[in-house]
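Position 1 is the first residue of the sequence, and the numbers go up from there.
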Amino acid sequence: MTMSVPDYMQCAEDHQTVLVVVQPVGIVPEDQFFKIYKRIASVNQVNIRDSQRLLYIRYRHHYLPENNEWGDFQTHRKVVGLVCITACDSAKDWPQTAERFHGQKEVYSSTLYDSRLLVFGLQGEIAEQQRTDVAFYPSFQDCSDVERRIEDFVESIFIVLESKRLDRATDKSGDKIQLLCVPFEKKDFVGLDTDSRHYKKRCQGRMRKHVGDLCLQAGMLQDALVHYHMAVELLRGVNDFLWLGAALEGLCSASVIFHYPGGTAGKTTARKPSISQPADAGKRHRPGAQEVLIDPGALTAGGISADTSTEIGRAKNCLSPEDIIEKYKEAISYYGKYKNAGVIELEACVKAVRVLAIQKRAREASEFLQNAVYINLGQLSEEEKIQRYSILSELYELIGFHRKSAFFKRVAAMQCVAPTIPEPGWRACYKLLLETLPGYSLSLDPKDFSIGTHRGWAAVQMRLLHELVYASRRMGNPGLSVRHLSFLLQTMLDFLSDQEKKEVTQSLENYTSKCPGGMEVITLSDGLKLPPVPFTKLPIVRSVKLLNLPASLRPHKVKGLPGQNVSTASPFIYSPIIMHNRGEERCKKIDFQWVQGDVCEVQLMVYNPMPFELRVENMGLLTSGVEFESLPAALSLPAESGLYPVTLVGVPRTAGNITVNGYHTSVFGVSSDCLLEGLPSVKTSGCLVEVIPSLPRLQLSTSLPRSAHTNQPMSKEQLSSSVSIQLFNGEKQQVTITLENIGTEDIESLELTSKTVNTKDKVFGKFLSWDLEEALRHLPLKPGQTVTLTISIKVKLDFSGQENLLQDLNDDGISVTGLPISSPLRQVLKPRAETKAVSSESGKAEYSHVKTLEAVLNFKYSGGAGKMEGYYRELSLGVHVDIEPSVFFTRVSALPATSTRQCHLLLDIFNPTEHELTVSAKNSKDLVLHPSECQRMAIQVEKFDFESLPQLDQETTRLSSPKQLEEERQQAQGCQINSKLDICWSIISLQSSREAVK
């Protein structure tokens with residue numbers, strides 16, 4: 001008969017154990033049975049009284065009777081003890097229980113040394129009987145002396161074992177020695193000549209080997225070594241290869257027990273509930289060691305020391321570590337000659353691998369495992385195949401062959417769902433597939449794939465992930481399928497072809513339509529946690545930039561007030577700790593502020609790596625620090641788009657420091673929270689910004705049309721709006737400005753300033769003027785309320801023209817070419833040129849030249865909680881004025897009058913406009929000028945007395961330069977002239993009346 005089920009957990013030291021089967025009788029609750037079983041299995045070694053020996057016990061709760069028939073071949077396979085556990089509540093059930101116990105003993109009767117029955121629940125007269133083979137307990141909880149009774153039971157087994165050992169070792173039956181056989185040999189020996197020398201040697205050799213087994217179990221290691229050596233010599237002589245292999249394996253086992261007192265089982269081969277493993281296996285003293293008179297210090301890595309003087313007795317019978325492996329190879333080669341010994345051969349390979357693992361000889365161990373793979377065990381059930389591949393996987397893991405281990409683990413997983421299985425075990429398949437991940441350099445955490453180069457074979461990893469997706473779907477867990485498919489897409493995106501990308505995303509959308517993916521941690525039934533998989537590559541973000549508020553909404557700090565983020569100055573020139581902290585602050589904190597209640601923006605540069613259009617839904621910001629309302633956006637990125645700007649917005653609802661931690665998206669039905677700290681490739685200028693308390697918002701509108709001009713050097717961003725107007729030189733116009741509070745806070749303060757920019761010409765008088773008192777009386781301005789303000793725009797530039805462009809007016813005088821009419825006259829005599837006409841092209845260009853004036857009105861306002869913190873806002877209005885020429889004074893002459901106190905001022909006036917123009921002055925008749933016409937105007941005025949002008953004080957004179965003093969004098973003299981002349985012009989057709997000189 002063939003032993004059909006191998007024990008893959010066997011190791012060399014199991015040869016010294018005795019086998020005890022623990023089984024339930026009748027109906028016993030499974031949890032209670034295994035609770036008692038674990039207590040029994042804890043008694044795995046017993047110090048024999050009156051002896052220095054230890055007896056080791058191996059417990060199993062299930063053992064095939066056909067395996068028991070191989071007990072003569074290797075005695076550790078023989079069931080020598082039976083412990084039955086039963087629940088019996090009443091005395092009437094006791095006879096049936098006793099009968100069942102007897103029937104159970106009959107199964108192993110041929111090999112059994114002793115047995116025990118543990119009865120739980122029975123009380124009364126029967127329970128009070130004193131029996132050695134039965135122990136009664138009131139309940140499963142009230143059984144404190146179970147371990148003690150098992151120890152007594154083990155001692156009784158030892159007594160029988162020792163008697164059998166002595167009987168066989170001192171057999172005086174002469175030549176009549178029993179021929180020990182394995183089950184499949186019995187029919188082969190029928191009719192053999194039992195008197196032949198060959199037959200007798202075979203009997204002797206097998207019996208020697210059997211006695212060696214008994215000595216090893218009885219704790220007599222040295223005697224076992226001697227018997228094994230003798231058996232090897234006898235069996236080799238008669239070519240009894242099967243038993244020769246067993247004798248060699250016994251020799252190897254005894255030598256392993258001597259060399260490796262800690263055992264060879266290792267942590268990775270922890271015993272299953274069917275086989276107990278001592279808790280202190282690494283500490284226990286191996287039997288027989290005291291009989292081998294060898295100094296442990298004389299042992300080397302190669303086995304026994306070469307110095308034979310240290311060898312006392314017959315310790316040379318013990319194999320060296322190298323010889324152990326050689327003998328294992330020889331034994332396995334002999335087993336391989338017999339197809340019915342496949343289980344024995346496979347188990348020997350497993351034992352040798354465990355020894356080689358301790359010796360750290362991984363390559364040789366892999367050769368044994370490779371041999372084990374091809375051992376034919378006949379027709380195995382699917383469950384047995386799964387167990388075989390799982391153990392091969394564990395053994396490859398034990399010797400450090402991680403990928404090979406993962407390969408067999410995956411084969412075992414596929415075997416769980418083989419087509420021949422009526423009810424495929426998808427849960428077992430999924431569990432085994434998960435265990436293969438480390439061997440293929442895979443993990444369930446996407447963070448492991450975000451740094452450095454890709455590890456492992458991507459094609460194999462993708463295949464495995466697809467199998468996980470399929471297995472989880474067949475388990476009926478679509479959430480797991482979504483998680484694994486998301487992981488595949490996120491971590492393997494660079495290795496997917498365009499077609500595979502389409503197929504994976506299509507599958508993902510199908511799954512998420514039934515079970516959307518999220519950021520929650522998935523906990524499996526065995527406690528394994530699957531971390532979330534954020535889609536940081538869909539789309540890929542290259543940079544994150546926090547944007548400042550528009551210029552009109554940016555907060556400004558009142559000068560002289562300390563800022564909230566002013567760092568305390570260190571008294572030391574250099575402090576590495578402080579500098580380090582400041583460095584971190586600088587690299588994160590932005591140098592502008594956001595305002596509570598205002599929409600704030602963050603710009604992301606993204607691109608789509610997919611070969612098709614990528615729809616991103618519900619994309620928003622992830623923040624911390626203050627309450628923040630994110631306003632999600634939806635976007636559609638074209639295929640392989642290249643960098644594409646995306647602006648995400650939100651509103652901070654409270655003040656403080658806010659940190660932009662990342663962004664969230666929804667792609668293919670999977671919601672993702674993408675944190676910047678996990679994206680080292682993303683460029684950012686800082687993610688921390690201060691949010692100041694809320695400020696009011698002011699909106700400005702005017703009675704003038706908006707302008708497309710940008711006031712230089714002001715940028716378009718810095719101006720909230722700009723207006724444009726066209727005026728003649730000397731013209732004045734009123735502009736109405738409406739201010740509306742469109743925010744949620746009251747406007748409590750308002751200031752207005754102006755600044756003239758970008759002018760090459762000197763402006764005389766005040767360009768912009770206003771009266772703010774009326775507007776201030778309306779403060780505080782409530783949300784939704786408006787206030788109006790009138791601004792006066794008066795443009796007055798130089799009115800002088802070029803003399804040599806005029807026609808001859810038949811008199812000589814004083815030229816004022818290039819001299820402002822408001823400046824004092826310089827007595828410069830210059831003859832008039834008479835060669836050029838007024839209609840020349842250069843003259844037209846000079847007189848039709850349009851000049852430009854630009855200014856900026858700054859409205860500074862504040863209110864609410866922000867004002868309490870010392871913040872305000874500025875609203876800037878750009879004013880662009882195009883100035884057309886009105887009149888030019890090209891020549892000024894003075895003639896004496898009848899009175900010595902007066903004189904006649906002669907002015908040559910030119911009209912460069914296209915309209916009829918009237919010029920008026922004091923003590924003079926109005927002068928009407930047609931377009932492009934030049935006429936002379938005479939004005940009788942008092943002589944100018946510049947000496948009577950007030951003199952500058954000495955302090956001003958001392959601090960001013962000569963150029964500044966000259967300008968001051970010219971300004972004062974010009975004002976005196978303007979007050980006496982009062983020259984004005986008007987264009988009737990345009991209903992414009994303006995001042996030319998004032």
Side-chain angles (χ1 to χ4, degrees), residues 1-11 14-15 17-26 28 30 33-34 37 40-41 44 56-86 100-116 157 180-187 210 213 217 242 245-246 249 269 271-277 335 338-351 372 375-392 412 415 421:
M1 185 179 293
T2 303
M3 187 162 48
S4 59
V5 182
D7 182 0
Y8 294 101
M9 304 310 298
Q10 276 210 12
C11 47
D14 285 342
H15 282 247
T17 62
V18 293
L19 179 59
V20 174
V21 173
V22 182
Q23 291 182 333
V25 171
V28 180
E30 185 177 357
F33 169 76
F34 279 105
Y37 175 81
I40 293 172
N44 47 44
Y56 291 90
I57 308 94
R58 187 169 92 260
Y59 296 94
R60 300 191 71 171
H61 58 76
H62 178 71
Y63 196 71
L64 293 175
E66 56 262 33
N67 286 6
N68 192 40
E69 295 181 12
W70 288 71
D72 286 339
F73 182 70
Q74 290 176 324
T75 57
H76 71 282
R77 301 181 185 279
K78 183 185 299 185
V79 178
V80 297
L82 175 66
V83 178
C84 290
I85 300 172
T86 186
R100 285 176 177 172
F101 174 52
H102 181 70
Q104 203 79 353
K105 288 195 292 184
E106 287 297 319
V107 176
Y108 305 106
S109 59
S110 61
T111 60
L112 214 56
Y113 291 175
D114 201 356
S115 60
R116 291 289 185 273
I157 289 177
L180 301 175
C181 299
V182 294
F184 71 85
E185 286 182 320
K186 292 180 180 177
K187 64 179 184 299
H210 180 66
D213 287 348
Q217 285 183 309
L242 181 62
E249 187 183 353
T269 54
R271 301 294 179 97
K272 307 294 183 186
S274 61
I275 304 175
S276 70
Q277 181 184 16
Y335 290 150
Y338 301 86
K339 66 176 182 179
N340 292 323
V343 171
I344 304 294
E345 181 186 0
L346 180 59
E347 290 182 358
C349 287
V350 171
K351 296 169 193 173
I375 294 174
N376 182 16
L377 296 181
Q379 292 296 323
L380 295 178
S381 67
E382 298 301 333
E383 185 177 350
E384 289 168 345
K385 290 179 183 177
I386 294 167
Q387 185 187 21
R388 181 179 186 180
Y389 294 132
S390 297
I391 294 299
L392 284 171
Q415 201 68 48
I421 299 180

Got a second to check how far [X]'s [atom1] is from [Y]'s [atom2], nearest 0.5 Å?
X: E69; Y: C181; atom1: CD; atom2: SG; result: 12.5 Å
X: K351; Y: C11; atom1: NZ; atom2: SG; result: 8.5 Å
X: I40; Y: R116; atom1: CD1; atom2: CZ; result: 11.5 Å

Any side-chain donor-acceptor pair under 3.5 Å between E347 and Y8? no
Is a side-chain donor or acceptor of [X] paired with a backbone partner of [Y] at a separation under 3.5 angstrom?
X: S390; Y: I386; answer: yes
X: N67; Y: L64; answer: no
X: E384; Y: S381; answer: yes
X: Q415; Y: E382; answer: no
X: Y59; Y: Y37; answer: no
X: T86; Y: V25; answer: yes
X: D114; Y: G81; answer: no

Take Q217 and T75, measure what side chain to side chain contact (heavy atoms under 4.5 Å, CB included) needs, and give me the verdict at the end. CA-CA 8 Å; Q217 285 183 309; T75 57; 3.0 Å; yes
Do [X] and [Y] have side-chain heavy atoms sitting under 4.5 Å apart?
X: R60; Y: D7; answer: yes
X: R388; Y: I375; answer: yes
X: V79; Y: Y63; answer: yes
X: L377; Y: V343; answer: yes
X: K105; Y: L82; answer: yes
X: Q10; Y: R58; answer: yes
X: Y108; Y: Y113; answer: no

Kindly check if the number of other-residue, nucleotide or ligand heavy atoms within 6.0 Å of CD (E106) is above 12? yes
